[in-house]
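Take a look at the structure below.
By convention in this document, chain letters (A, B, ...) are assigned in the order of the sequence lines, proteins followed by strands, and residues within each chain are numbered from 1.
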Number of protein chains: 2
Amino acid sequence: MRTELQPLLNQIQRYVSLTEGEIEKLLAICEVKTFRKRQFLDQPGFVSGYRNYILKGAFRSYFIDPEGKEHTVQIAIEDWFVSDFYSYITQTPATLFVEAQEDTTLVQMAYKDIEGLCKEIHALSEYFRITTERAFAFSRHRALSGISMSAEARYLEWAARYPEMDRRISQKVIASYLGMTPEFLSKIKKKISSEC
Amino acid sequence: MRTELQPLLNQIQRYVSLTEGEIEKLLAICEVKTFRKRQFLDQPGFVSGYRNYILKGAFRSYFIDPEGKEHTVQIAIEDWFVSDFYSYITQTPATLFVEAQEDTTLVQMAYKDIEGLCKEIHALSEYFRITTERAFAFSRHRALSGISMSAEARYLEWAARYPEMDRRISQKVIASYLGMTPEFLSKIKKKISSEC
DNA sequence: CTATTATCTTAAACTAGTTCAAGCGGTTTT
DNA sequence: AAAACCGCTTGAACTAGTTTAAGATAATAG
(Lines give C-alpha, C1' and ligand atoms only; values in the text may rest on other atoms or scores of the structure.)
Protein backbone atom coordinates (compact mmCIF):
# COMPACT_ATOMS: atom_id res chain seq x y z
CA MET A 1 0.00 0.00 0.00
CA ARG A 2 1.10 3.57 -0.64
CA THR A 3 2.02 4.63 2.88
CA GLU A 4 2.01 8.32 1.96
CA LEU A 5 -1.81 8.10 1.83
CA GLN A 6 -2.05 6.85 5.42
CA PRO A 7 -2.99 10.30 6.85
CA LEU A 8 -6.05 10.40 4.58
CA LEU A 9 -7.13 6.89 5.61
CA ASN A 10 -6.65 7.79 9.28
CA GLN A 11 -8.79 10.88 8.82
CA ILE A 12 -11.61 8.86 7.23
CA GLN A 13 -11.42 6.04 9.75
CA ARG A 14 -11.89 8.49 12.60
CA TYR A 15 -15.53 8.53 11.50
CA VAL A 16 -16.30 5.22 9.77
CA SER A 17 -14.62 1.87 9.24
CA LEU A 18 -13.79 0.57 5.80
CA THR A 19 -13.20 -3.04 4.75
CA GLU A 20 -9.95 -4.04 3.03
CA GLY A 21 -11.77 -4.12 -0.30
CA GLU A 22 -13.25 -0.67 0.22
CA ILE A 23 -9.85 0.77 1.11
CA GLU A 24 -8.43 -0.67 -2.07
CA LYS A 25 -11.17 0.90 -4.18
CA LEU A 26 -10.66 4.23 -2.45
CA LEU A 27 -6.90 4.22 -2.91
CA ALA A 28 -7.42 3.39 -6.57
CA ILE A 29 -9.03 6.81 -7.17
CA CYS A 30 -6.38 8.78 -5.22
CA GLU A 31 -3.58 10.64 -6.93
CA VAL A 32 -0.75 12.45 -5.18
CA LYS A 33 0.29 15.78 -6.71
CA THR A 34 2.70 18.54 -5.82
CA PHE A 35 2.29 22.29 -6.32
CA ARG A 36 4.99 24.96 -6.20
CA LYS A 37 4.50 28.11 -4.16
CA ARG A 38 2.13 30.53 -5.97
CA GLN A 39 0.80 27.79 -8.29
CA PHE A 40 -3.00 27.60 -8.73
CA LEU A 41 -5.06 24.52 -7.90
CA ASP A 42 -8.33 26.14 -9.01
CA GLN A 43 -8.93 29.41 -10.81
CA PRO A 44 -11.86 31.37 -12.25
CA GLY A 45 -13.15 29.95 -15.50
CA PHE A 46 -12.11 26.36 -14.83
CA VAL A 47 -14.31 23.76 -13.15
CA SER A 48 -12.91 22.46 -9.87
CA GLY A 49 -12.56 18.76 -10.56
CA TYR A 50 -11.16 17.37 -7.31
CA ARG A 51 -11.42 17.08 -3.58
CA ASN A 52 -7.91 17.89 -2.40
CA TYR A 53 -6.51 16.70 0.93
CA ILE A 54 -3.28 18.43 2.01
CA LEU A 55 -0.43 16.12 3.06
CA LYS A 56 2.22 18.85 3.42
CA GLY A 57 2.15 22.58 2.74
CA ALA A 58 -0.39 25.41 2.71
CA PHE A 59 -3.03 26.87 0.40
CA ARG A 60 -5.39 29.76 0.46
CA SER A 61 -8.48 30.46 -1.58
CA TYR A 62 -9.55 33.99 -2.44
CA PHE A 63 -11.60 36.02 -4.86
CA ILE A 64 -11.34 39.48 -6.31
CA ASP A 65 -14.38 41.72 -5.84
CA PRO A 66 -15.73 44.19 -8.44
CA GLU A 67 -13.55 46.98 -6.99
CA GLY A 68 -10.47 44.81 -7.43
CA LYS A 69 -9.94 43.94 -3.77
CA GLU A 70 -8.81 40.46 -2.68
CA HIS A 71 -10.85 38.54 -0.10
CA THR A 72 -9.31 35.40 1.39
CA VAL A 73 -11.97 32.76 1.96
CA GLN A 74 -10.00 29.88 3.42
CA ILE A 75 -6.51 29.22 4.73
CA ALA A 76 -5.62 25.52 4.75
CA ILE A 77 -2.59 23.57 5.96
CA GLU A 78 -1.88 19.86 6.57
CA ASP A 79 -4.99 17.66 7.10
CA TRP A 80 -7.45 20.11 5.57
CA PHE A 81 -9.48 19.71 2.41
CA VAL A 82 -9.24 22.65 0.03
CA SER A 83 -10.89 23.69 -3.27
CA ASP A 84 -13.45 26.09 -4.68
CA PHE A 85 -16.13 23.95 -3.05
CA TYR A 86 -19.04 25.69 -4.79
CA SER A 87 -17.46 25.01 -8.16
CA TYR A 88 -16.71 21.40 -7.18
CA ILE A 89 -20.25 20.70 -5.93
CA THR A 90 -22.09 22.38 -8.80
CA GLN A 91 -19.48 21.41 -11.42
CA THR A 92 -19.59 24.92 -12.84
CA PRO A 93 -16.62 27.23 -13.47
CA ALA A 94 -14.80 28.44 -10.37
CA THR A 95 -14.98 31.98 -9.03
CA LEU A 96 -12.14 31.52 -6.57
CA PHE A 97 -8.40 31.35 -6.92
CA VAL A 98 -6.91 28.51 -4.88
CA GLU A 99 -3.20 29.21 -4.59
CA ALA A 100 -0.29 27.39 -2.94
CA GLN A 101 1.31 29.52 -0.22
CA GLU A 102 4.22 27.08 0.10
CA ASP A 103 5.40 24.10 -1.95
CA THR A 104 2.61 21.63 -1.27
CA THR A 105 1.83 17.91 -1.64
CA LEU A 106 -1.79 16.80 -1.73
CA VAL A 107 -4.11 13.90 -2.53
CA GLN A 108 -6.61 14.45 -5.34
CA MET A 109 -9.86 12.55 -5.78
CA ALA A 110 -11.90 13.33 -8.88
CA TYR A 111 -15.55 14.45 -8.57
CA LYS A 112 -16.95 11.57 -10.65
CA ASP A 113 -14.87 8.98 -8.85
CA ILE A 114 -16.04 10.26 -5.45
CA GLU A 115 -19.68 10.37 -6.51
CA GLY A 116 -19.41 6.86 -7.94
CA LEU A 117 -17.78 5.47 -4.82
CA CYS A 118 -20.31 7.18 -2.54
CA LYS A 119 -23.12 5.41 -4.38
CA GLU A 120 -21.24 2.12 -4.09
CA ILE A 121 -19.76 2.31 -0.58
CA HIS A 122 -22.25 3.15 2.17
CA ALA A 123 -19.46 3.89 4.70
CA LEU A 124 -17.90 6.48 2.40
CA SER A 125 -21.23 8.20 1.89
CA GLU A 126 -21.56 8.27 5.68
CA TYR A 127 -18.04 9.73 6.04
CA PHE A 128 -18.84 12.66 3.78
CA ARG A 129 -22.35 13.09 5.21
CA ILE A 130 -21.08 13.24 8.79
CA THR A 131 -18.04 15.43 8.15
CA THR A 132 -19.89 17.87 5.91
CA GLU A 133 -22.71 18.20 8.44
CA ARG A 134 -20.10 18.94 11.10
CA ALA A 135 -18.15 21.35 8.89
CA PHE A 136 -21.39 23.18 8.04
CA ALA A 137 -22.47 23.38 11.68
CA PHE A 138 -19.04 24.57 12.86
CA SER A 139 -18.63 27.10 10.08
CA ARG A 140 -21.96 28.72 10.92
CA HIS A 141 -21.17 28.65 14.59
CA ARG A 142 -17.84 30.36 14.02
CA ALA A 143 -19.37 32.95 11.69
CA LEU A 144 -21.86 33.84 14.41
CA SER A 145 -19.36 34.19 17.20
CA GLY A 146 -17.41 36.56 14.96
CA ILE A 147 -20.41 38.76 14.18
CA SER A 148 -20.37 40.94 17.25
CA MET A 149 -16.59 41.10 17.61
CA SER A 150 -14.27 44.00 16.87
CA ALA A 151 -11.49 43.53 14.33
CA GLU A 152 -9.00 43.24 17.20
CA ALA A 153 -11.00 40.53 18.99
CA ARG A 154 -11.36 38.57 15.74
CA TYR A 155 -7.61 38.63 15.18
CA LEU A 156 -6.78 37.66 18.77
CA GLU A 157 -9.19 34.73 18.76
CA TRP A 158 -8.05 33.49 15.38
CA ALA A 159 -4.34 33.77 16.20
CA ALA A 160 -4.85 31.91 19.48
CA ARG A 161 -6.67 29.13 17.69
CA TYR A 162 -4.38 28.81 14.68
CA PRO A 163 -0.91 29.89 15.85
CA GLU A 164 0.66 27.70 13.17
CA MET A 165 -1.14 29.60 10.40
CA ASP A 166 -0.40 32.94 12.06
CA ARG A 167 3.32 32.09 11.78
CA ARG A 168 3.31 30.70 8.26
CA ILE A 169 0.90 33.04 6.46
CA SER A 170 1.57 36.66 5.46
CA GLN A 171 -0.09 39.48 7.35
CA LYS A 172 -1.69 40.79 4.20
CA VAL A 173 -3.46 37.45 3.62
CA ILE A 174 -4.49 37.16 7.26
CA ALA A 175 -6.01 40.64 7.15
CA SER A 176 -8.01 39.83 4.04
CA TYR A 177 -9.15 36.56 5.66
CA LEU A 178 -10.31 38.34 8.82
CA GLY A 179 -12.10 41.05 6.85
CA MET A 180 -9.95 44.08 7.54
CA THR A 181 -7.29 46.09 5.72
CA PRO A 182 -3.60 45.19 6.15
CA GLU A 183 -3.07 48.71 7.49
CA PHE A 184 -5.58 48.16 10.26
CA LEU A 185 -4.13 44.76 11.21
CA SER A 186 -0.75 46.41 11.41
CA LYS A 187 -2.17 48.94 13.86
CA ILE A 188 -3.79 46.19 15.91
CA LYS A 189 -0.52 44.26 16.20
CA LYS A 190 1.30 47.41 17.26
CA LYS A 191 -1.32 48.09 19.92
CA ILE A 192 -1.15 44.48 21.20
CA SER A 193 2.63 44.47 21.50
CA SER A 194 2.66 47.82 23.30
CA GLU A 195 0.04 46.57 25.76
CA CYS A 196 1.92 43.51 26.99
CA MET B 1 -50.11 6.68 4.14
CA ARG B 2 -50.18 10.04 5.90
CA THR B 3 -50.62 12.33 2.91
CA GLU B 4 -49.61 15.40 4.92
CA LEU B 5 -46.01 14.08 4.79
CA GLN B 6 -45.97 13.99 0.99
CA PRO B 7 -44.04 17.29 0.63
CA LEU B 8 -41.18 15.83 2.69
CA LEU B 9 -41.08 12.66 0.58
CA ASN B 10 -41.12 14.71 -2.61
CA GLN B 11 -38.23 16.80 -1.32
CA ILE B 12 -36.15 13.68 -0.55
CA GLN B 13 -37.01 11.96 -3.81
CA ARG B 14 -35.74 14.93 -5.79
CA TYR B 15 -32.28 13.60 -4.91
CA VAL B 16 -32.55 9.84 -4.30
CA SER B 17 -35.13 7.11 -4.74
CA LEU B 18 -36.45 5.11 -1.83
CA THR B 19 -38.08 1.68 -1.91
CA GLU B 20 -41.55 1.13 -0.42
CA GLY B 21 -39.98 -0.48 2.63
CA GLU B 22 -37.57 2.42 3.12
CA ILE B 23 -40.40 4.95 2.88
CA GLU B 24 -42.29 3.05 5.54
CA LYS B 25 -39.31 3.08 7.89
CA LEU B 26 -38.79 6.78 7.29
CA LEU B 27 -42.43 7.68 7.89
CA ALA B 28 -42.31 5.66 11.11
CA ILE B 29 -39.84 8.16 12.63
CA CYS B 30 -41.74 11.27 11.50
CA GLU B 31 -43.97 13.24 13.83
CA VAL B 32 -46.12 16.19 12.85
CA LYS B 33 -46.24 19.05 15.36
CA THR B 34 -47.74 22.51 15.46
CA PHE B 35 -46.30 25.65 17.05
CA ARG B 36 -48.13 28.89 17.86
CA LYS B 37 -46.67 32.23 16.84
CA ARG B 38 -43.81 33.22 19.20
CA GLN B 39 -43.40 29.66 20.52
CA PHE B 40 -39.84 28.31 20.72
CA LEU B 41 -38.70 25.18 18.91
CA ASP B 42 -35.15 25.39 20.30
CA GLN B 43 -33.75 27.66 22.98
CA PRO B 44 -30.43 28.19 24.80
CA GLY B 45 -29.74 25.57 27.41
CA PHE B 46 -31.74 22.79 25.73
CA VAL B 47 -30.29 20.30 23.26
CA SER B 48 -31.85 20.49 19.80
CA GLY B 49 -33.27 17.00 19.36
CA TYR B 50 -34.83 17.12 15.90
CA ARG B 51 -34.51 17.91 12.26
CA ASN B 52 -37.58 20.00 11.52
CA TYR B 53 -39.12 20.31 8.07
CA ILE B 54 -41.68 23.11 7.72
CA LEU B 55 -45.01 22.13 6.13
CA LYS B 56 -46.76 25.46 6.73
CA GLY B 57 -45.68 28.64 8.48
CA ALA B 58 -42.45 30.48 9.26
CA PHE B 59 -39.63 30.38 11.78
CA ARG B 60 -36.54 32.38 12.48
CA SER B 61 -33.45 31.53 14.52
CA TYR B 62 -31.48 34.19 16.34
CA PHE B 63 -29.05 34.75 19.16
CA ILE B 64 -28.39 37.55 21.59
CA ASP B 65 -24.84 38.89 21.69
CA PRO B 66 -22.96 40.01 24.82
CA GLU B 67 -24.23 43.57 24.37
CA GLY B 68 -27.80 42.32 24.27
CA LYS B 69 -28.39 42.77 20.55
CA GLU B 70 -30.38 40.23 18.52
CA HIS B 71 -28.86 38.69 15.40
CA THR B 72 -31.14 36.69 13.11
CA VAL B 73 -29.30 33.70 11.66
CA GLN B 74 -31.94 32.06 9.50
CA ILE B 75 -35.42 32.83 8.22
CA ALA B 76 -37.33 29.73 7.13
CA ILE B 77 -40.71 29.16 5.52
CA GLU B 78 -42.43 26.18 3.84
CA ASP B 79 -40.05 23.48 2.55
CA TRP B 80 -37.04 24.55 4.63
CA PHE B 81 -35.36 22.66 7.44
CA VAL B 82 -34.86 24.69 10.60
CA SER B 83 -33.13 24.18 13.97
CA ASP B 84 -30.06 25.22 15.93
CA PHE B 85 -28.02 23.03 13.61
CA TYR B 86 -24.83 23.27 15.67
CA SER B 87 -26.68 22.05 18.76
CA TYR B 88 -28.37 19.28 16.75
CA ILE B 89 -25.12 18.03 15.20
CA THR B 90 -23.01 18.17 18.36
CA GLN B 91 -25.91 17.23 20.67
CA THR B 92 -24.88 19.97 23.08
CA PRO B 93 -27.11 22.72 24.51
CA ALA B 94 -28.37 25.27 22.01
CA THR B 95 -27.13 28.84 21.80
CA LEU B 96 -29.88 29.96 19.43
CA PHE B 97 -33.52 30.75 19.88
CA VAL B 98 -35.66 29.19 17.14
CA GLU B 99 -39.00 30.95 17.24
CA ALA B 100 -42.23 30.60 15.25
CA GLN B 101 -43.06 33.80 13.37
CA GLU B 102 -46.51 32.49 12.45
CA ASP B 103 -48.59 29.51 13.55
CA THR B 104 -46.57 26.68 12.04
CA THR B 105 -46.89 22.97 11.24
CA LEU B 106 -43.73 20.92 10.84
CA VAL B 107 -42.37 17.38 10.62
CA GLN B 108 -39.95 16.33 13.34
CA MET B 109 -37.37 13.55 13.03
CA ALA B 110 -35.31 12.76 16.14
CA TYR B 111 -31.49 12.85 16.01
CA LYS B 112 -31.05 9.20 17.06
CA ASP B 113 -33.70 7.98 14.62
CA ILE B 114 -32.07 9.84 11.73
CA GLU B 115 -28.59 8.62 12.62
CA GLY B 116 -29.90 5.06 12.91
CA LEU B 117 -31.72 5.19 9.59
CA CYS B 118 -28.71 6.75 7.83
CA LYS B 119 -26.60 3.78 8.92
CA GLU B 120 -29.31 1.42 7.73
CA ILE B 121 -30.51 3.07 4.50
CA HIS B 122 -27.77 3.99 2.03
CA ALA B 123 -30.11 6.21 -0.01
CA LEU B 124 -31.00 8.31 3.03
CA SER B 125 -27.34 8.78 3.90
CA GLU B 126 -26.84 9.91 0.30
CA TYR B 127 -29.78 12.32 0.55
CA PHE B 128 -28.31 14.09 3.57
CA ARG B 129 -24.77 13.94 2.18
CA ILE B 130 -25.76 15.52 -1.12
CA THR B 131 -28.10 18.16 0.30
CA THR B 132 -25.74 19.18 3.09
CA GLU B 133 -22.84 19.46 0.66
CA ARG B 134 -25.00 21.68 -1.53
CA ALA B 135 -26.28 23.74 1.39
CA PHE B 136 -22.72 24.25 2.61
CA ALA B 137 -21.45 25.24 -0.83
CA PHE B 138 -24.35 27.63 -1.46
CA SER B 139 -24.16 29.20 1.98
CA ARG B 140 -20.45 30.00 1.53
CA HIS B 141 -21.06 31.28 -1.97
CA ARG B 142 -23.81 33.59 -0.75
CA ALA B 143 -21.72 34.82 2.17
CA LEU B 144 -18.95 35.73 -0.26
CA SER B 145 -21.12 37.57 -2.73
CA GLY B 146 -22.45 39.60 0.20
CA ILE B 147 -19.01 40.55 1.47
CA SER B 148 -18.29 43.42 -0.86
CA MET B 149 -21.85 44.72 -1.03
CA SER B 150 -23.30 47.78 0.63
CA ALA B 151 -26.22 47.34 3.01
CA GLU B 152 -28.56 48.61 0.30
CA ALA B 153 -27.33 46.10 -2.28
CA ARG B 154 -27.67 43.25 0.22
CA TYR B 155 -31.26 44.18 0.92
CA LEU B 156 -32.17 44.59 -2.75
CA GLU B 157 -30.68 41.23 -3.71
CA TRP B 158 -32.27 39.42 -0.79
CA ALA B 159 -35.71 40.96 -1.34
CA ALA B 160 -35.60 40.09 -5.05
CA ARG B 161 -34.71 36.49 -4.21
CA TYR B 162 -37.12 35.99 -1.33
CA PRO B 163 -40.11 38.29 -1.99
CA GLU B 164 -42.34 35.95 -0.01
CA MET B 165 -40.20 36.35 3.12
CA ASP B 166 -39.92 40.10 2.54
CA ARG B 167 -43.72 40.27 2.72
CA ARG B 168 -44.27 37.97 5.69
CA ILE B 169 -41.35 38.87 8.00
CA SER B 170 -41.04 42.06 10.05
CA GLN B 171 -38.58 44.73 9.00
CA LYS B 172 -36.79 44.55 12.32
CA VAL B 173 -36.08 40.85 11.82
CA ILE B 174 -35.01 41.37 8.21
CA ALA B 175 -32.58 44.09 9.28
CA SER B 176 -31.04 41.89 11.93
CA TYR B 177 -30.78 39.06 9.38
CA LEU B 178 -29.02 41.28 6.84
CA GLY B 179 -26.64 42.69 9.44
CA MET B 180 -27.82 46.27 9.74
CA THR B 181 -29.90 48.32 12.16
CA PRO B 182 -33.68 48.64 11.61
CA GLU B 183 -33.16 52.40 11.37
CA PHE B 184 -30.77 52.00 8.50
CA LEU B 185 -33.06 49.57 6.65
CA SER B 186 -35.82 52.11 7.07
CA LYS B 187 -33.63 54.74 5.36
CA ILE B 188 -32.81 52.33 2.56
CA LYS B 189 -36.49 51.59 1.89
CA LYS B 190 -37.30 55.28 1.87
CA LYS B 191 -34.49 55.95 -0.59
CA ILE B 192 -35.58 53.07 -2.85
CA SER B 193 -39.21 54.17 -2.99
CA SER B 194 -38.22 57.78 -3.71
CA GLU B 195 -35.96 56.62 -6.56
CA CYS B 196 -38.58 54.73 -8.54
C1' DC C 1 -63.11 49.57 21.86
C1' DT C 2 -59.58 51.31 24.36
C1' DA C 3 -55.00 50.84 26.45
C1' DT C 4 -50.67 49.05 25.85
C1' DT C 5 -46.92 47.61 23.64
C1' DA C 6 -44.20 46.90 19.60
C1' DT C 7 -42.77 48.43 15.07
C1' DC C 8 -41.46 51.99 11.89
C1' DT C 9 -39.65 56.65 10.72
C1' DT C 10 -36.64 60.67 10.94
C1' DA C 11 -32.72 63.36 12.09
C1' DA C 12 -28.36 64.73 14.43
C1' DA C 13 -24.12 63.29 16.67
C1' DC C 14 -20.76 59.81 16.56
C1' DT C 15 -17.14 55.90 15.61
C1' DA C 16 -14.82 51.74 13.88
C1' DG C 17 -12.60 50.87 10.20
C1' DT C 18 -11.16 52.54 5.29
C1' DT C 19 -8.59 55.19 2.01
C1' DC C 20 -4.83 57.59 0.51
C1' DA C 21 -0.19 58.70 0.54
C1' DA C 22 4.50 58.40 1.76
C1' DG C 23 8.56 56.04 3.61
C1' DC C 24 11.19 51.88 5.05
C1' DG C 25 13.48 47.40 5.01
C1' DG C 26 14.04 42.82 2.51
C1' DT C 27 14.19 39.82 -1.52
C1' DT C 28 13.81 38.54 -6.10
C1' DT C 29 15.09 39.76 -10.90
C1' DT C 30 18.30 41.61 -14.26
C1' DA D 1 25.08 45.59 -7.57
C1' DA D 2 21.49 48.10 -9.13
C1' DA D 3 16.55 47.99 -10.16
C1' DA D 4 12.22 46.77 -9.42
C1' DC D 5 9.11 44.83 -6.45
C1' DC D 6 6.67 43.30 -2.27
C1' DG D 7 5.19 43.38 2.48
C1' DC D 8 4.95 46.16 6.53
C1' DT D 9 4.28 50.67 9.03
C1' DT D 10 2.42 55.27 10.17
C1' DG D 11 -0.58 59.17 10.11
C1' DA D 12 -4.30 62.26 8.48
C1' DA D 13 -8.63 62.76 6.07
C1' DC D 14 -12.77 60.40 5.27
C1' DT D 15 -17.34 57.54 5.19
C1' DA D 16 -20.77 53.81 5.73
C1' DG D 17 -23.29 52.54 9.08
C1' DT D 18 -24.44 53.06 14.34
C1' DT D 19 -26.34 55.28 18.29
C1' DT D 20 -29.51 57.90 20.60
C1' DA D 21 -33.73 59.96 21.08
C1' DA D 22 -38.28 61.22 20.07
C1' DG D 23 -42.55 61.05 17.56
C1' DA D 24 -45.94 58.45 14.33
C1' DT D 25 -48.30 54.08 13.19
C1' DA D 26 -49.81 49.73 13.64
C1' DA D 27 -50.85 45.43 16.09
C1' DT D 28 -52.51 42.93 20.08
C1' DA D 29 -54.46 41.97 24.59
C1' DG D 30 -57.76 42.82 27.98
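- The pair A:K25-A:E22 does not count as a salt bridge, with every side-chain nitrogen at least 4.0 angstrom from each carboxylate oxygen.
- In this structure, CG of B:L185 is placed 10 Å from P of D:dT18, rounded to the nearest angstrom.
- When each of B:R38 and B:A151 is assigned the nucleotide of DNA chain D bearing its nearest heavy atom, the one mapping closer to the 5' terminus is B:A151.
- Rounding to whole angstrom units, CD of residue A:E152 and P of C:dT15 are separated by 17 Å.
- Regarding contacts with the backbone of C:dT18, a side-chain N or O of A:T181 is found under 4.0 angstrom from either OP1 or OP2.
- What separates CD of B:E183 from P of D:dA24 is a distance of 17 Å, to the nearest Å.
- Look at B:K187 and you won't find any side-chain N or O under 4.0 angstrom from OP1 or OP2 of D:dA16.
- For B:Q101 and D:dT28, the CD to P distance is 12 Å, given to the nearest whole Å.
- Atom pair A:K191:NZ and D:dT9:C1' shows a separation of 17 Å (rounding to whole Å applied).
- Residue A:K69 has a polar side-chain atom (N or O) positioned under 4.0 Å from OP1 or OP2 of C:dT19.
- One atom, NZ of A:K190, and another, P of D:dG11, lie 5 Å apart when rounded to the nearest Å.
- Every residue two or more places apart in sequence or in another chain that forms a ring-ring contact (aromatic ring centres under 6.0 Å, His included) with A:F63 is listed here: A:H71.
- Heavy atoms of other residues, nucleotides or ligands lying less than 6.0 angstrom from CD of A:E152 number more than 12.
- Checked against D:dT18, C:dC8, D:dC8, the side chain of A:S170 finds its nearest nucleotide in D:dC8.
- Atom CZ of A:F184 and atom P of D:dC8 are 17 Å apart (whole Å).
- Considering all non-hydrogen atoms of both residues, B:Y86 and A:A137 come closest at CD1-O, 3.6 Å.
- Each of B:R60, B:R167, B:R168 was scored for a salt bridge (charged side-chain N to carboxylate O under 4.0 Å, His left out) with B:E102, with one residue passing: B:R168.
- For the pair A:P182 and B:S150, nearest-nucleotide mapping onto DNA chain D gives the more 5' position to A:P182.
- One can place CZ of A:R60 at 13 Å from C1' of D:dG7, the figure rounded to the nearest angstrom.
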